[in-house]
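All values derive from a computational prediction rather than experimental measurement. For this chain, numbers begin at 1 and follow the sequence in order.
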Amino acid sequence: RDKSGVLTPGCLAAAQEMLSLGRAVAEAGGGVLQLSSDFSTYDDVPYHQMDEEKKRAYADGELRWMEELIATHGPKVALSFGIPSADADKWSQWAKKAEKESRGHVKLQVSARPQSVHMCLASGVHPFMLSAAFREHFMEASGDLQLLLAKMAVPEVRKAILADMENYEQSLTSEGEGPMGHSYRTAEGVIIPEWLVNGHGAYPWSPTYEPMPESSVDELAAGRGQARLAVCYDLLLDVKGLHAGVLWRPLFGYAGNGEPVRLALETEHILPGFDDAGAHCSILTDATAPTYMV
């Protein structure tokens, strides 16, 4: 979905359309048909309002046209799509069965590193951009980061911004769970993830993709007896700290370490991939995955 919650083109593509695309690839000499499916979106319905029976029927339908595609066009058209690393064994078994019953090829992809977001006061993405009080001081600073830091260090300003955020979160409507976790809908109809509202699941930046659990914003807040946003606020201001005032927020079911990815990549039919290093603009997707794998 886009930022207003509208489904992006292709989300509701019918099986016949996908089979036609596969046929076109075969007739053009062959190649790889790559797709991204959540195996859930049967219609323009929020995740938390979806009918479980319809979701299962939709997922079964997705698998049927994929199986028909590789059975019909054999080695000319290979099929590839991304899967969650935690479900690697289940999908590997399906791919093995699908290949055995046809002449086709199926390759599954998992991200070698978690897609993520880097948040800092110099970037356009962090929770406090949602605060009217913050935006006022941001505009007054006119791009001067040091001036913005000085303004935000004033206790009265800190209190006003945090109060703003608390009121803002209370004004939101829950959209339930989705691929990126829990999300909210604003009064204007914009869908925003929970982590952007309250910092859930964020970590102070570090050179590793497996930071210690106790370093997370959630654990720091619990240990200090503070709200998560209060911890986020202080971390963003601490530009001289080891994390350089940057928060790292991994996406898509990050388990706290890379073990699920390692296990997935040791599974048949699975390759490192599903990272496009730029198409998502503000989402960090590493282009260094190949050398990282070595």
Side-chain angles (χ1 to χ4, degrees), residues 1-2 7-15 17-19 21-22 25 31-42 47 50 55-56 58-70 77-99 102 104-117 177-181 183 191 193 195 201 209 249-293:
R1 296 177 183 271
D2 65 16
L7 288 175
T8 51
C11 280
L12 300 179
E17 180 178 352
M18 300 306 299
L19 290 170
L21 289 172
V25 172
V32 178
L33 185 65
Q34 181 170 288
L35 67 141
S36 176
S37 176
D38 63 3
F39 294 92
S40 296
T41 306
Y42 60 86
Y47 280 104
M50 286 184 175
K55 278 174 60 176
R56 285 192 292 271
Y58 175 78
D60 290 342
E62 289 281 271
L63 295 179
R64 281 198 300 273
W65 73 252
M66 291 181 190
E67 291 163 355
E68 181 179 344
L69 175 71
I70 59 174
V77 180
L79 186 66
S80 182
F81 57 93
I83 62 167
S85 56
D87 296 335
D89 188 61
K90 178 187 73 174
W91 280 108
S92 177
Q93 293 301 316
W94 173 81
K96 184 176 181 179
K97 179 176 180 290
E99 285 193 350
S102 70
H105 300 288
V106 179
K107 293 299 179 185
L108 309 168
Q109 302 177 34
V110 297
S111 295
R113 284 176 161 178
Q115 291 182 319
S116 56
V117 173
E177 294 293 322
M180 291 182 67
S183 62
I191 305 297
W195 55 264
Y209 278 78
R249 209 310 179 168
L251 307 174
F252 305 113
Y254 177 67
N257 57 60
E259 186 64 7
V261 176
R262 183 186 69 80
L263 294 173
L265 292 173
E266 292 178 348
T267 305
E268 192 177 2
H269 296 287
I270 295 180
L271 301 172
F274 214 58
D275 287 354
D276 40 22
H280 300 289
C281 300
S282 60
I283 296 179
L284 176 72
T285 305
D286 281 311
T288 58
T291 50
Y292 173 72
M293 297 308 300

Considering non-hydrogen atoms only, spot the tightest contact between [X] and [Y] and give its length.
| X | Y | value |
| --- | --- | --- |
| A264 | A88 | CB-CB, 3.5 Å |
| V25 | V77 | CG1-CG2, 4.0 Å |
| P272 | L265 | N-CD2, 3.5 Å |
| F81 | L35 | CB-O, 3.2 Å |
| E99 | H269 | OE1-CE1, 2.9 Å |
| M18 | A13 | SD-CB, 4.0 Å |

Measure the shortest side-chain to side-chain distance between [X] and [Y] over non-hydrogen atoms and say whether it is less than 4.5 angstrom.
| X | Y | result |
| --- | --- | --- |
| V110 | I83 | yes |
| W195 | L251 | yes |
| M66 | V106 | no |
| M50 | T41 | yes |

Enter the distance from L263:CG to I270:CD1 here, rounded to the nearest 0.5 Å. 10.0 Å
How long is the span from the OG1 atom in T267 to the NZ atom in K90, to the nearest 0.5 Å?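 Result: 13.5 Å between the selected atoms.
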Looking at S80 and K107, would you say the former's side chain and the latter's main chain have a donor-acceptor pair under 3.5 Å?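 Checked: pair present.
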Please check: side-chain N/O of S92 versus main-chain N/O of E268, any donor-acceptor pairing under 3.5 Å?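 Checking the backbone N and O of E268 against the side chain of S92, a donor-acceptor pair under 3.5 Å is found.
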Checking Y58 against E62 for the side chain to side chain contact (heavy atoms under 4.5 Å, CB included) test, could you report, in this order, the C-alpha distance in whole Å, the side-chain angles of both residues, the deciding distance, and whether it holds? CA-CA 6 Å; Y58 175 78; E62 289 281 271; 3.6 Å; yes
Test side chain to side chain contact (heavy atoms under 4.5 Å, CB included) applied to L63 and F39, step by step: CA-CA 9 Å; L63 295 179; F39 294 92; 4.0 Å; yes
Do E17 and W65 pass the side chain to side chain donor-acceptor pair (under 3.5 Å) test, and can you show the C-alpha distance, the side-chain angles, and the key distance before you say yes or no? CA-CA 10 Å; E17 180 178 352; W65 73 252; over 6 Å; no
I'd like to check the salt bridge (charged side-chain N to carboxylate O under 4.0 Å, His left out) partners of R262; sequence neighbours left out, ordered by chain and number.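 Testing R262 for salt bridge (charged side-chain N to carboxylate O under 4.0 Å, His left out), a comparison that skips the adjacent residues, returns E259, E266.
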